[in-house]
Participant: 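Structure incoming, see below.
Along the sequence shown, residues carry numbers from 1. Both counts, for ligands and for their atoms, begin at 1 and track the order of listing. As a basis for the values below, the full set of heavy atoms in this structure was taken, side chains included, without hydrogen atoms, waters or symmetry mates. All of these numbers come straight from a predicted model, not from anything done at the bench.
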Amino acid sequence: MTVKLRPHHLLCFLTYVGKGYSPAFVENYDRIASRLTAGEDIAIVDGPDDICAPLLGSRNAHCTGASVRVRDAQAARDVGRLLGMTVTIGSRIANTPDMVRMLRSAFHEGTLRPACAGCEWSDLCTSIADHAYDNVRIAPAAI
Ligand code: SF4
């Protein structure tokens with residue numbers, strides 16, 4: 001099995017602390033957090049992914065919006081550069097503790113943050129990274 005993630009969720013999962021758009025969203029995200037912590041690999045998909053799933057019936061869902069696709073493209077570029085691979089639809093990313101630590105370190109340093117521009121959660125994610133990823137739900141927490 002693989003966890004299906006759109007590219008910008010390679011950043012979002014780094015700072016997941018159990019907050020989200022709705023109880024159903026958080027409940028689903030917690031299940032994905034457990035799978036990622038267990039080391040399931042990641043498959044990159046186009047558009048809505050396993051994290052988005054509970055939002056898709058909502059009138060306000062932004063999952064297919066143009067700005068989110070721009071965010072995906074930026075994240076794919078920056079993560080790919082960091083990991084030394086092409087991150088594109090169909091890519092499979094080995095979910096190792098070292099990979100997650102590398103992403104968290106770069107996220108904290110700001111290298112991966114261009115994709116976060118304009119995101120309503122940005123201050124929260126910055127604060128979590130600034131506090132050494134304390135209380136994140138996807139291990140390994142330390143960087
Ligand atoms: S700021 Fe937004 S896009 Fe960036 S990691 Fe946080 S939730 Fe994801």
Participant: What side-chain donor-acceptor pairs closer than 3.5 Å can you find for residues 11-18, not counting sequence neighbours?
Facilitator:
| from | atom 1 | to | atom 2 | distance (Å) |
| --- | --- | --- | --- | --- |
| T15 | OG1 | C12 | O | 3.4 |
| Y16 | OH | V26 | O | 3.3 |
| Y16 | OH | D30 | OD1 | 2.8 |

Participant: Check this for me: D123, atom CG, are more than 12 non-hydrogen atoms of other residues, nucleotides or ligands nearer than 6.0 Å?
Facilitator: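 Counting other residues, nucleotides and ligands, CG of D123 stays at 12 neighbours or fewer.
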Participant: Could you check whether D78 pairs with R113 (Lys NZ or Arg NE/NH1/NH2 to Asp/Glu carboxylate O, under 4.0 Å)?
Facilitator: no
Participant: I'd like to know if D72 pairs up with R69 as an ion pair, taking the criterion as any Lys NZ or Arg NE/NH1/NH2 lying under 4.0 Å from an Asp or Glu carboxylate oxygen.
Facilitator: no
Participant: Less than 3.5 Å apart, any donor N or O on the side chain of R137 or T37 sitting next to an acceptor on the other?
Facilitator: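 No, no side-chain donor-acceptor pair sits under 3.5 Å.
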Participant: Near atom 2 (Fe) of ligand 1, meaning under 2.8 Å, how many protein N/O/S atoms are there?
Facilitator: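 My tally for this metal is 1.
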Participant: Show the atoms of ligand 1 that are less than 4.0 angstrom away from any heavy atom in F107.
Facilitator: 5 (S)
Participant: With distance as the sole test, does R6 use its side chain to make a donor-acceptor pair with the main-chain N or O of V45 at under 3.5 Å?
Facilitator: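 Here the side-chain-to-backbone pair does not exist.
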